2 protein chains.
Amino acid sequence: MPSPRPEVPSANHTDRPGLTRARIVATAVDLIDTEGVAALTMRRLGARLDVEAMSLYRYVNGREDLLEAVVDALVDTIEIPGPGQLQPIDGWQAFLQVLAHDVRRLALEHPAAFPLIATRHPAAPWLRPPLRSLRVVEAFLDGLRSRGFNDSQAVAAYRSFTSFLLGHLLLESAMQGADMSPAEEPLDEGDADLPNQDAELSLAEYPTLTRLRSALTEDHTEDEFEQALEHLLVRLDLELSQ
Amino acid sequence: MPSPRPEVPSANHTDRPGLTRARIVATAVDLIDTEGVAALTMRRLGARLDVEAMSLYRYVNGREDLLEAVVDALVDTIEIPGPGQLQPIDGWQAFLQVLAHDVRRLALEHPAAFPLIATRHPAAPWLRPPLRSLRVVEAFLDGLRSRGFNDSQAVAAYRSFTSFLLGHLLLESAMQGADMSPAEEPLDEGDADLPNQDAELSLAEYPTLTRLRSALTEDHTEDEFEQALEHLLVRLDLELSQ
DNA sequence: ACCTGAACACCGTTCAAGT
DNA sequence: ACCTGAACACCGTTCAAGT
């Protein structure tokens with residue numbers, strides 16, 4: 001009855017299934033989403049998996065490799081618009097529109113992880129965040145080629161499209177995840193003689209900022225995204241016909 | 001700065017002058033520039049200053065505060081175009097051109113630090129990287145206002161300008177600082193049976209990537225920057241007259 | 001085959017103690 | 001006033017040992 005486990009591929013009916021690289025990565029993503037990147041330590045991740053930290057090293061080549069795997073897992077959720085989401089009639093503009101919104105979904109679903117996607121060095125220098133996987137870039141280039149772009153036009157579009165996504169989505173995800181990294185302490189009132197830089201930074205000397213403060217605070221990130229995307233498409237259209 | 005001022009102004013003729021917050025921050029920037037952000041530990045920074053790590057806590061509220069100070073110091077090197085660099089004749093286009101290139105200078109001079117500038121949460125939520133200091137934003141808004149922008153146009157320009165800078169310069173700085181973080185080990189030849197993911201990632205299954213590899217590898221970051229900047233100016237011009 | 005105990009080097013941070 | 005020694009909690013990582 002307590003027989004040593006045979007070849008059985010997945011026969012484990014306990015609540016805590018065996019460790020897997022996939023399960024480790026998924027839990028890591030969850031930990032980042034809920035507590036921030038700084039909270040992702042090997043030991044805490046182990047604890048979430050009911051395992052000692054050292055066990056993770058069977059499936060992951062250290063913390064750096066784990067972070068790499070997290071980024072890859074998230075980027076792999078990007079869906080390249082195919083026959084499912086797109087009518088054959090729709091051109092490259094619809095293709096880029098749908099793709100842009102899926103990358104935006106990724107950024108807003110994982111605001112704490114997006115800086116990793118944005119700043120960790122990709123496997124190859126010509127992979128540009130956030131479209132930083134071979135699969136995604138291949139599909140991106142093919143998608144544009146099959147919709148009328150030639151090679152150099154597709155490459156140029158890859159460059160401008162990634163720059164656009166990175167700038168907008170990094171700012172938007174920063175806005176989203178605002179201040180969740182430093183786990184919300186009840187604010188300390190002491191040390192009133194210190195500069196106290198963060199509480200209410202002194203706007204006194206900045207009349208224009210003071211006047212425009214409420215305008216600056218308004219969140220127009222979605223409008224900005226749509227408008228900038230629209231302008232990018234116009235710009236690409238110009239370059240196509242020249 | 002209500003710093004604990006010693007009575008003696010600067011009477012220290014030794015090669016190692018006394019500690020200063022400014023000196024600590026400057027050395028930290030240097031450490032990041034030369035060895036990457038991961039190398040910036042309190043202990044190593046102390047060693048560079050011929051001091052024990054604990055001494056730093058007199059001038060800096062821990063590592064997070066130090067990183068904040070590093071970012072602020074770098075952002076403070078941004079020069080807002082004034083009567084010196086700009087003729088009164090020049091309009092807002094010249095103003096933004098000159099400013100954009102100065103921020104680009106910052107990114108290329110400190111490629112390892114730029115991700116910090118890009119991703120650390122600013123002091124106020126309406127401060128957007130990389131123009132994330134009160135001084136810079138005030139001067140930016142005033143600069144545009146004095147050149148014909150009204151309030152909401154200036155605020156809109158702040159949003160699109162920062163998005164543009166962030167996307168382009170983060171990619172360009174990543175390109176610049178490529179792989180200097182993991183201190184250049186002589187590559188290990190062993191373990192040829194493992195996936196060996198990083199050495200030469202397998203392009204076999206990606207025909208388009210294989211074909212366009214050389215095109216993708218070309219560095220056109222400067223052209224991209226100039227072109228995208230030009231298009232942003234055109235776009236802003238349109239919004240001005242509508 | 002898979003997980004762990006023990007150990008090591010390094011880290012951030014505090015505080016009483018030195019000068 | 002300024003710096004340090006000693007200590008603590010936590011971290012990444014290795015490896016022999018357990019089952």
Side-chain angles (χ1 to χ4, degrees), chain A residues 1-12 14 16-24 27-28 31-32 35-70 181-183 185 188 190-191 193-194, chain B residues 2-14 16-24 27-28 31-32 35-70 181-183 185 188 190-191:
Chain A
M1 10 174 337
S3 55
R5 194 89 59 64
E7 305 309 317
V8 188
S10 67
N12 198 331
T14 69
R16 291 286 154 210
L19 276 186
T20 301
R21 183 168 165 108
R23 202 162 81 90
I24 290 173
T27 310
L31 188 51
I32 294 175
E35 305 186 44
V37 189
L40 177 58
T41 75
M42 301 301 279
R43 289 170 137 106
R44 288 168 77 127
L45 179 56
R48 276 223 183 181
L49 290 158
D50 279 333
V51 135
E52 300 301 316
M54 317 85 181
S55 310
L56 305 174
Y57 287 82
R58 289 243 153 218
Y59 306 88
V60 149
N61 280 323
R63 187 171 189 266
E64 289 300 297
D65 181 51
L66 173 63
L67 290 175
E68 215 60 44
V70 163
S181 307
E185 298 270 342
D188 194 350
D191 294 329
D193 51 337
L194 287 187
Chain B
S3 58
R5 192 86 60 71
E7 306 307 321
V8 188
S10 68
N12 200 332
H13 334 102
T14 70
R16 292 285 154 211
L19 277 185
T20 302
R21 182 165 167 113
R23 202 162 82 90
I24 290 173
T27 309
L31 188 50
I32 293 175
E35 306 187 41
V37 189
L40 178 58
T41 75
M42 301 300 279
R43 291 171 136 103
R44 290 169 73 128
L45 180 56
R48 275 224 184 182
L49 291 158
D50 279 333
V51 138
E52 300 300 317
M54 317 87 181
S55 310
L56 304 174
Y57 287 82
R58 289 244 151 214
Y59 306 89
V60 149
N61 281 323
R63 186 172 189 266
E64 290 300 298
D65 181 50
L66 173 62
L67 289 175
E68 215 59 46
V70 163
S181 307
E185 300 268 344
D188 195 350
D191 292 332

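Just so we're on the same page: letters track the sequence lines, and every chain starts at 1. It should be emphasised that the depicted structure is a prediction, and the values quoted were computed from it without experimental measurement.
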Calculate the interatomic distance between A/Arg44 atom CZ and D/dG12 atom P; express it in whole Å.
10 Å
Using whole Å, what does the distance between atom C1' of nucleotide C/dC3 and atom CG of A/Leu45 come to?
15 Å
Step-by-step side chain to side chain contact (heavy atoms under 4.5 Å, CB included) determination, B/Arg58 to B/Leu19:
CA-CA 9 Å; B/Arg58 289 244 151 214; B/Leu19 277 185; over 6 Å; no
A/Tyr57 OH - C/dA6 C1' separation (whole Å)
15 Å
Rounding to an integer number of Å, can you tell me how far A/Leu56 CG sits from C/dC3 C1'?
11 Å
Assess the residue pair B/Tyr57 and B/Met42 against the criterion (side chain to side chain contact (heavy atoms under 4.5 Å, CB included)); give the C-alpha distance rounded to whole Å, side-chain angles, the decisive distance to 0.1 Å, and a yes or no.
CA-CA 9 Å; B/Tyr57 287 82; B/Met42 301 300 279; 3.7 Å; yes
Most 5' of B/Ala53 and A/Met54 on DNA chain D, judged by nearest nucleotide
B/Ala53
Nucleotide D/dC15, atom C1' - distance to CD of A/Glu52 in whole Å:
16 Å
Does the side chain of A/Ser55 get closer than 4.0 angstrom to OP1 or OP2 of C/dT4 through an N or O atom?
yes
Would you say B/Tyr59 reaches D/dC3's phosphate, i.e. side-chain N/O to OP1/OP2 under 4.0 Å?
yes
If you write DNA chain C from 5' to 3' in dot-bracket form, with Watson-Crick or G-U pairs under 3.5 Å, [ ] for crossing pairs and | for pairs with another strand, what do you get?
||.|||||...|||||.||
Output the rounded distance in Å from CZ (A/Arg43) to C1' (D/dA9).
11 Å
Criterion side chain to side chain contact (heavy atoms under 4.5 Å, CB included) on A/Arg63 and A/Leu45, from CA distance to verdict
CA-CA 11 Å; A/Arg63 187 171 189 266; A/Leu45 179 56; over 6 Å; no
Identify the heavy atoms of B/Ser55 and B/Val51 that sit nearest to each other, and give their distance.
CB-CG1, 3.3 Å
Can you tell me if B/Arg63 touches the phosphate of C/dG12, counting only side-chain N or O atoms and a distance under 4.0 Å to OP1 or OP2?
yes
Step-by-step side chain to side chain contact (heavy atoms under 4.5 Å, CB included) determination, B/Leu56 to B/Leu66
CA-CA 10 Å; B/Leu56 304 174; B/Leu66 173 62; 5.9 Å; no
What is the distance from CZ of A/Arg58 to C1' of D/dA16, rounded to the nearest Å?
12 Å
Consider the side chain of A/Met42, meaning its heavy atoms from C-beta on, and name the nucleotide among C/dC3, D/dG12, D/dA7 that approaches it most closely.
D/dG12
Please give me the minimum heavy-atom distance between B/Leu40 and B/Ala28, naming the atom from each residue.
CD1-CB, 4.0 Å
Check the distance between C/dC2's P and A/Arg23's CZ and give it to me in whole angstrom.
14 Å
Tell me the closest heavy-atom pair linking B/Glu35 and B/Arg44, and the distance in Å.
OE1-NH2, 2.8 Å
